[in-house]
There are 2 protein chains.
Amino acid sequence: MAVPTASDEWEVELGRQIRALRLRQNLDQQQLADQAGIALNAVKNLESGKGATLRSLIQVLRVLNRVDWLRALAPAVSIIPVQMLKTKRPRQRASPRPAKKKKL
Amino acid sequence: MAVPTASDEWEVELGRQIRALRLRQNLDQQQLADQAGIALNAVKNLESGKGATLRSLIQVLRVLNRVDWLRALAPAVSIIPVQMLKTKRPRQRASPRPAKKKKL
DNA sequence: CATTAATAGACCTAAATAGGGCTATTGTCA
DNA sequence: TGACAATAGCCCTATTTAGGTCTATTAATG
């Protein structure tokens, strides 16, 4: 199985995984759509990598009992963060950068 | 931190995580948008949970070096699947269900 | 091997998101 | 603490996806 490179390919790969999860539960696309409260077309798009919204994805994950996956995106910082030694709270904004020069 | 229940809340939670990843790299929203090849607004929507496409999410994950997360959705089957003992290949469709009765 | 339901793929319209710009607020840093 | 850039939150329009329906193909089952 090739590793996706382009964004489209990742979308297709994600679709494959969703389908795999669905089939493990032996659900058809219509059942999944109904239980997720979305249209059959949305499920088709999602599974085939033809474009989908985050909402469709999440609704589907809820039915497939994999919403917990969403929490695994930003892993908790491994060891004790150096930042905690100097600043109280984590950064809320990126550092300001010098503004671009304006035309005179 | 409360566990999200509604779909909207999961979208917000996901946004929080993306923001956390971005700030760890000290990138501002504009830089992230540029590097991801999407609009600033798309990043804002994504981080605030106000609706986004899968495409926007994936483009951003690429910049944040977290596309590998996508592969962790459908975990490989743990032990030897019983299915392999009876059928050669995994299921490609859900089982047919009896069709609805048609009106006479 | 015949049956038949699951799925792909197309079409259309409505709704949502993307993209671009503008202003108000506020965290960061000198 | 002041200056200023990062961000939120609007607006508007273009593009994309959702939702609904139909047809053709094909995997799954008896």
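The sequence lines fix the lettering, A, B, ..., with proteins before strands; numbering per chain opens at 1. As a basis for the values below, the full set of heavy atoms in this structure was taken, side chains included, without hydrogen atoms, waters or symmetry mates.
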B/Gln29: partners by side-chain hydrogen bond (donor to acceptor under 3.5 Å, both in side chains), with sequence neighbours left out:
B/Glu47
Which pair of heavy atoms, one from B/Val67 and one from B/Ile58, lies closest together, and at what distance?
CG1-O, 4.3 Å
Which residue pairs pass the ring-ring contact (aromatic ring centres under 6.0 Å, His included) test when at least one of the two sits in residues 2-27 of chain B, sequence neighbours left out?
none
Dump every N/O contact between nucleotides 23-25 of chain C and the protein below 3.5 Å, one line per pair.
none

Applying side-chain hydrogen bond (donor to acceptor under 3.5 Å, both in side chains) to A/Asn26 and not counting sequence neighbours gives B/Ser95
Under the side-chain hydrogen bond (donor to acceptor under 3.5 Å, both in side chains) test, which residues partner A/Arg24, sequence neighbours left out?
none
From CD of A/Gln92 over to C1' of C/dC29, roughly how many Å is that when rounded to an integer?
15 Å
Donor-acceptor contact below 3.5 Å, side chain B/Arg66 vs main chain A/Leu73:
yes
Respond yes when some side-chain nitrogen or oxygen of B/Arg22 is under 4.0 Å from OP1 or OP2 of D/dA6, and no when none is.
no
Strand contacts (DNA chain D) in residues 26-38 of chain B, 4.0 angstrom heavy-atom criterion:
B/Asp28, B/Gln29
Using heavy-atom distances to pick each residue's nearest nucleotide on DNA chain D, tell me which of B/Ser95 and B/Leu23 is more 5'.
B/Leu23
Using whole Å, what does the distance between atom C1' of nucleotide D/dG30 and atom CZ of B/Arg97 come to?
19 Å
Residue pairs involving residues 51-63 of chain B (criterion salt bridge (charged side-chain N to carboxylate O under 4.0 Å, His left out); sequence neighbours excluded)
none
List the atom of A/Val3, the atom of B/Arg71, and the distance in Å for their closest heavy-atom pair.
CG2-NH1, 3.6 Å
Could you name each residue pair satisfying ring-ring contact (aromatic ring centres under 6.0 Å, His included) that touches residues 25-61 of chain B, not counting sequence neighbours?
none
Quick one: bend of the helix from C/dC1-D/dG30 to C/dA30-D/dT1 from 5 pairs per end, to 10°?
90°
Residues of residues 40-60 of chain A with a heavy atom under 4.0 Å from any atom of DNA chain D, listed by number, are A/Asn41, A/Ala42, A/Asn45, A/Lys50, A/Gly51, A/Ala52, A/Thr53, A/Ser56
Which pairs with one or both residues in residues 32-43 of chain A pass side-chain hydrogen bond (donor to acceptor under 3.5 Å, both in side chains), sequence neighbours excluded?
A/Gln30-A/Asp34
Listing request: all ring-ring contact (aromatic ring centres under 6.0 Å, His included) pairs with a residue in residues 28-74 of chain B, at least two apart in sequence or in separate chains.
A/Trp69-B/Trp69
Is the phosphate of C/dA8, meaning OP1 or OP2, less than 4.0 Å from a side-chain N or O of A/Arg19?
yes
So which atom in A/Leu46 and which in A/Leu57 form the shortest heavy-atom distance, rounded to 0.1 Å?
CD2-CA, 4.0 Å
For salt bridge (Lys or Arg N to Asp or Glu O under 4.0 Å), just list the numbers for B/Arg93 and A/Asp28, CA-CA rounded to whole Å, side-chain angles, deciding distance to a tenth of an Å, and then say yes or no.
CA-CA 7 Å; B/Arg93 294 185 180 186; A/Asp28 63 43; over 6 Å; no
